[in-house]
Amino acid sequence: MRPRFESLRFPKNWNSPTKTGKTGPSTGARSILPLAPTRATATPSSMQQFQDAVRDALIAETGIAQEAVRLETPRDPSMGDLAFPCFVLAKELKAAPPKIASDLEGKLNDRLQGITAKATGPFLNFTIEPSLLASTVLGQIQEQGQAYGGSDEGAGKTIVLDLSSPNIAKPMSVGHLRSTVIGAAIQRVHNTLGYTTVGINHIGDWGSQFGKLVAAVDRWGDTVDLEGDPIKALLALYVRYHEEEEGDPELKQAGRDAFKELESGEDGRVRATWRHLTKISLVEFDKIYTRLGVEFDEVRGEAYYESHLNATIDRIVAAGITEESEGALIVRLSEFGKEVPPCLLRKTDGTTLYATRDLAAAFHRWELYGFDRSLYVVGGDQRLHFRQLKHVLERMGVDWEPRMEHIDFGMMRLPEGKMSTRKGRVIFLEEVLDQAAAEADKVIAEKNPGLEDRAAVAEMVGVGAVVFNDLKRERVKDVEFVWEEVLSFEGDTGPYVQYTHARLASILRKGAAEQAELDSPPTPDWGTLNGASAILGKLGRFNAVLSRAARNAEPSEITTYALSLCRDTNTWIGAERVLGQAPAVTAARLAFVDGVRQVLVNALGILGVGAPARM
RNA sequence: GCGCCCGUAGCUCAGCUGGAUAGAGCACCGGAUUUCUAAUCCGGCGGUCCCAGGUUCAAGUCCUGGCGGGCGCGCCA
């Protein structure tokens with residue numbers, strides 16, 4: 001029998017909606033997290049309706065091609081909700097853009113209802129009648145709730161994601177956070193858009209390092225506490241091995257022999273040790289995943305592909321693209337540029353390499369899922385590796401090769417340099433989460449000492465801060481790990497978004513009480529949402545933001561959106577009152593507040609950050 | 001040496017498929033709470049968008065060449 005992690009598999013699509021719209025798990029650590037938005041029915045998002053109306057009017061009036069109608073958002077919200085730069089029409093109509101704009105203004109106003117066109121220089125700006133905008137957007141949010149922002153654009157499409165992928169026997173460092181958190185957010189946004197997703201944790205449980213580890217356990221296993229704190233113990237052995245390896249040929253050989261035995265399939269002592277190391281590591285990893293609210297559809301270590309390796313190599317050989325070089329089996333890739341080094345499939349000693357196992361995995365995933373995209377959420381330091389993988393497939397003539405994408409991200413660095421497990425220069429993820437939760441607890445003690453569920457909220461805020469911080473910049477950018485930044489709860493941070501949500505929730509609680517006093521439910525007066533149209537416009541564009549974030553596999557587009565929504569909303573709250581107004585006014589403003597709250601919940605859910613009602 | 005990625009305010013970053021006066025947060029200075037959570041808000045300070053060419057009606061955004069930083073480059077993963 002080949003080793004597998006069958007017992008560790010998680011239910012598929014854990015975060016997908018149930019058909020009845022029931023909420024998800026109500027117990028366990030994940031219950032503190034909001035649910036990611038469920039799939040919506042195929043109604044166009046609210047802003048889209050207005051855009052379509054403007055686009056249709058422009059086409060009808062000018063005969064311009066649909067693709068040429070590029071509607072933008074004016075920089076200054078007071079200029080309008082939508083903008084059309086008239087430059088594209090200049091050639092065709094043989095007129096100056098400002099003239100085109102002013103000529104079109106009246107004609108478009110005749111065609112449009114509820115939307116006013118106004119020419120400003122070469123631009124045509126469109127303002128949606130405020131109460132129409134409000135009732136449309138807020139009505140749709142209220143109707144769709146958790147599903148708002150979602151769509152069925154991905155129906156029938158399958159996205160496979162390779163994410164997290166920690167190495168067995170090493171503690172998860174803050175470096176591993178990135179793949180996990182970025183990958184999980186990309187998966188959730190796809191789920192929201194109706195894609196079928198398969199999140200695979202490609203555990204690093206194979207390779208020569210395990211030979212080294214087994215050798216180290218053999219030699220020094222009884223000097224460390226393997227049962228009590230297995231990961232730290234294994235780390236110590238790993239570090240020690242690398243320290244002593246150079247001056248100790250016997251040790252080096254023992255490591256090599258152990259891996260060779262491992263890969264030979266012999267079910268002996270080496271394999272038993274390896275199996276044990278895998279088991280205790282996965283138990284530790286699960287603790288972190290629970291805190292992060294991340295689960296996988298498949299946990300498949302590299303070892304899983306052991307049985308596929310020979311067939312994979314045979315396949316590549318059969319394609320006639322391999323050759324022997326210095327005793328190793330390689331695929332030359334120089335046709336893709338002289339700087340592209342060959343891909344090694346088999347070492348001189350007959351054992352396989354990382355690339356061999358990834359190729360086996362790629363074929364396996366294709367055969368299993370026939371994916372539309374296969375995303376590898378792996379650090380940018382492996383760009384060459386994935387380029388080589390794709391080139392090998394290309395040389396084989398595999399037509400689905402373009403569907404594989406390396407979703408690279410920048411390195412997490414320490415101020416003193418690159419992290420290195422071997423050198424013991426790492427920050428452990430668990431420690432970061434603990435620190436953040438402790439810090440959040442301190443802030444609560446200061447600001448809201450009577451808070452119920454204080455420990456749970458502190459965990460939500462602390463972990464939320466860490467997760468959000470990792471998602472907030474464009475993923476290709478390197479990040480330097482600075483404690484002060486990670487533990488910051490002010491400004492552009494996760495807790496800022498959570499806090500905004502809590503404030504809104506508080507207003508809604510009080511508003512519900514106020515409304516309960518009334519004899520009959522008031523009809524909202526949508527015309528009284530002073531200065532809210534820019535925010536309403538943002539709410540209406542939520543689906544477009546998610547769609548783009550999915551397409552680009554870029555969670556930072558969602559964090560950026562959430563932050564700007566919060567900033568606008570906090571400003572609005574400072575300027576306008578919700579409670580204690582005429583009933584029709586309060587009703588409209590409560591609906592507005594609830595709309596923002598819902599979108600924040602949905603956005604945070606996708607990001608994997610909790611949305612506490614009080615904090 | 002070669003290749004890939006990044007380069008916007010003192011620091012960390014936004015800037016949508018090229019479009020209107022380049023925006024936030026942190027830091028610093030000043031202000032706001034008898035009423036919806038001050039983990040907030042308002043104001044001030046702060047920019048040769050790395051440099052040089054080019055394409056375009058229009059360039060932070062596209063192209064070329066430099067410079068600076070990061071990462072990687074056959075038997076690790």
Side-chain angles (χ1 to χ4, degrees), chain A residues 67 70 72-76 79 83 85-88 90-91 96-97 120-123 125 165 167 204 206-209 212 302 325-330 337-349 351-355 357-358 379-385 387 408 410-411 413 418 440 443-444 446-448 461 472-474 476-480 482 484-485 488-493 495-496 498-500 502-511 514 541 544-545 548 552 556-557 559-560 563-564 566-567 570-580 586 589-590 593 614-615:
Chain A
E67 316 81 68
R70 302 229 164 132
E72 303 171 354
T73 308
R75 211 168 262 293
D76 180 354
M79 293 195 288
C86 296
F87 304 95
V88 282
K91 224 170 249 175
T120 309
F123 291 85
N125 291 326
S165 313
N167 287 326
W206 206 246
S208 46
Q209 55 172 322
K212 297 175 183 180
E302 287 188 84
S325 170
E326 297 164 37
L329 186 68
I330 69 165
K338 62 178 190 310
E339 78 282 1
V340 184
C343 178
L344 268 79
L345 297 177
R346 188 141 53 194
K347 292 189 269 190
T348 316
D349 68 0
T351 57
T352 61
L353 288 126
Y354 186 49
R357 297 186 284 275
D358 251 346
D381 53 348
Q382 290 186 36
R383 284 184 185 110
L384 179 59
H385 167 70
R387 215 176 137 197
D408 57 346
M411 299 285 89
R413 328 182 67 256
K418 199 183 173 184
V443 177
I444 293 169
E446 183 189 315
K447 310 209 180 240
N448 198 352
V461 172
K472 79 178 178 188
R473 57 207 121 219
E474 206 186 351
V476 294
K477 294 209 156 87
D478 286 351
V479 294
E480 192 174 297
V482 180
E484 198 185 10
E485 249 169 64
S488 160
F489 300 155
E490 289 169 20
D492 285 351
T493 65
Y496 172 65
Q498 293 174 315
Y499 176 72
T500 307
R503 277 182 92 179
L504 299 179
S506 170
I507 294 173
L508 289 166
R509 279 191 301 270
K510 291 180 175 159
E514 192 177 303
R541 286 187 198 92
V545 170
R548 222 168 73 92
N552 299 337
S556 72
E557 296 184 12
T559 51
T560 302
L563 285 170
S564 96
C566 287
R567 218 172 292 122
N570 280 317
T571 298
W572 186 86
I573 289 177
E576 307 289 342
R577 303 234 92 231
V578 174
L579 306 180
T586 291
R589 293 183 180 178
L590 282 173
V593 166
R614 292 183 169 87
M615 64 184 270

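Comparing A:E485 and A:E446 by the nucleotide of RNA chain B that holds the closest heavy atom to each, the one mapping nearer the 5' end is A:E485. Residue whose closest nucleotide on RNA chain B sits further toward the 5' end, between A:R509 and A:V476: A:V476.
Distance, A:K338 NZ to B:C2 P: 9 Å, rounded to whole Å. Across the protein-nucleic acid pair, A:K477 atom NZ and B:U12 atom C1' stand 10 Å apart, rounded to whole Å. Atom CD of A:E474 and atom C1' of B:G7 are 12 Å apart (whole Å). Going from atom CH2 of A:W572 over to atom C1' of B:U37 covers 16 Å, rounded to whole Å. Spacing between atom CZ of A:R473 and atom P of B:A14 amounts to 8 Å, rounded to whole angstrom units. Taking atom CE of A:M615 as the reference point, atom P of B:C36 lies 17 Å away to the nearest angstrom. Nucleotide B:U37 holds its P atom 10 Å from the CG atom of A:L504, rounded to whole Å. Residue A:E576 contributes atom CD, which lies 16 Å from atom C1' of B:U40 at whole-angstrom precision.
Across B:C51 and B:C45, the matching C1' atoms stand 28 Å from one another, rounded to whole Å. Nucleotides B:A9 and B:G65 place their P atoms 25 Å apart, quoted to the nearest Å. Here the separation of B:U40 from B:U33, taken at their C1' atoms, is 11 Å to the nearest Å. Separation of the C1' atoms belonging to B:U12 and B:U8 is 12 Å when rounded to the nearest angstrom. When the C1' atom is compared between B:A27 and B:A52, the two are found 34 Å apart, to the nearest whole Å. Comparing the same atom, P, in B:A77 and in B:G19 gives a spacing of 46 Å after rounding to whole Å. Rounded to whole Å, the separation between the C1' atoms of B:A14 and B:G31 comes to 27 Å. Only the P atoms considered, B:G3 is 13 Å distant from B:U64, to the nearest whole Å.
Here A:S325 pairs with nothing under the side chain to side chain donor-acceptor pair (under 3.5 Å) rule; sequence neighbours left out. The side chain to side chain donor-acceptor pair (under 3.5 Å) check on A:T559 picks up nothing, with sequence neighbours excluded. Residues satisfying the salt bridge (Lys or Arg N to Asp or Glu O under 4.0 Å) test with A:R503, not counting sequence neighbours, are none. Looking at residues two or more places apart in sequence or on another chain, you find a ring pair (Phe, Tyr, Trp, His ring centres under 6.0 Å) between A:Y354 and A:H385.
Of all nucleotides listed (B:A38, B:G3, B:C36), B:G3 comes nearest to the side chain of A:R387. Taking every side-chain heavy atom of A:N570 into account, B:U40 is the closest of B:C36, B:A39, B:U40. The side chain of A:S506 lies closest to B:U37, out of B:U37, B:C41, B:C36.
Formation of a donor-acceptor pair under 3.5 Å by the A:T571 side chain with backbone atoms of A:R567 is found in this model. Judged by distance alone, with hydrogens and angles left aside, the side-chain atoms of A:E514 form a donor-acceptor pair with the main-chain N or O of A:G580 at under 3.5 Å. The main-chain N or O of A:C566 is found under 3.5 Å from a side-chain atom of A:N570 such that the two form a donor-acceptor pair. With A:T500 contributing its side chain and A:Y496 its backbone, the two residues share a donor-acceptor pair below 3.5 Å. Judged purely by atom type and a 3.5 angstrom limit, A:T586 uses its side chain to pair as donor or acceptor with the backbone of A:V578.
Among the protein residues, A:I444 comes within range of the nucleic acid bases, having at least one heavy atom under 4.0 Å from a base atom. Counting any heavy atom pair closer than 4.0 Å across all strands shown, A:V461 reaches a base atom. Residue-level contact check: A:K447 touches the bases, meaning some heavy atom is under 4.0 Å from a base atom. A:L563 comes within contact range of no nucleotide atom at all, as no heavy-atom separation falls under 4.0 Å. When heavy atoms are screened at a 4.0 angstrom cut-off, A:R614 is found touching base atoms of the nucleic acid.
For B:G72, the paired base is B:C2 (Watson-Crick or G-U wobble, both distances below 3.5 Å). The partner of B:U17 cannot be assigned: no Watson-Crick or G-U wobble pair with both contacts below 3.5 Å exists in any strand. Checking B:C41 for Watson-Crick or G-U wobble geometry (two distances, each under 3.5 Å) identifies B:G31 as its partner. The partner of B:A24, taking Watson-Crick or G-U wobble pairs whose two distances both stay under 3.5 Å, is B:U12. Under the Watson-Crick and G-U wobble criteria, each requiring two contacts below 3.5 Å, nucleotide B:U64 is paired to B:A52.
Separation of atoms CG (A:L563) and CG (A:D492) is listed at 4.5 Å; rounding is to 0.5 Å.
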Q: For A:I573 and A:L504, run side-chain contact (heavy atoms from CB on, under 4.5 Å): C-alpha distance rounded to whole Å, both residues' side-chain angles, the deciding distance at 0.1 Å, then the answer.
A: CA-CA 9 Å; A:I573 289 177; A:L504 299 179; 3.5 Å; yes
**Q.** Contact letters for nucleotides 66-77 of chain B, in which S counts primed atoms plus P, OP1 and OP2 and B counts the base, heavy atoms under 4.0 Å
**A.** ----SSSSBBSB
Q) Using a cut-off of 4.0 Å between protein heavy atoms and nucleotide atoms, how would you tag nucleotides 18-30 of chain B 5' to 3' with B, S and -? A) SBB---SSS----
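Heavy atoms of other residues, nucleotides or ligands lying less than 6.0 angstrom from CZ of A:R383 number more than 12.
Distances shorter than 4.0 Å separate some side-chain N or O of A:K510 from OP1 or OP2 on B:U37.
In textbook terms, a nucleotide whose glycosidic angle is within 90° of 0 is syn, while B:G53, being further out, is anti.
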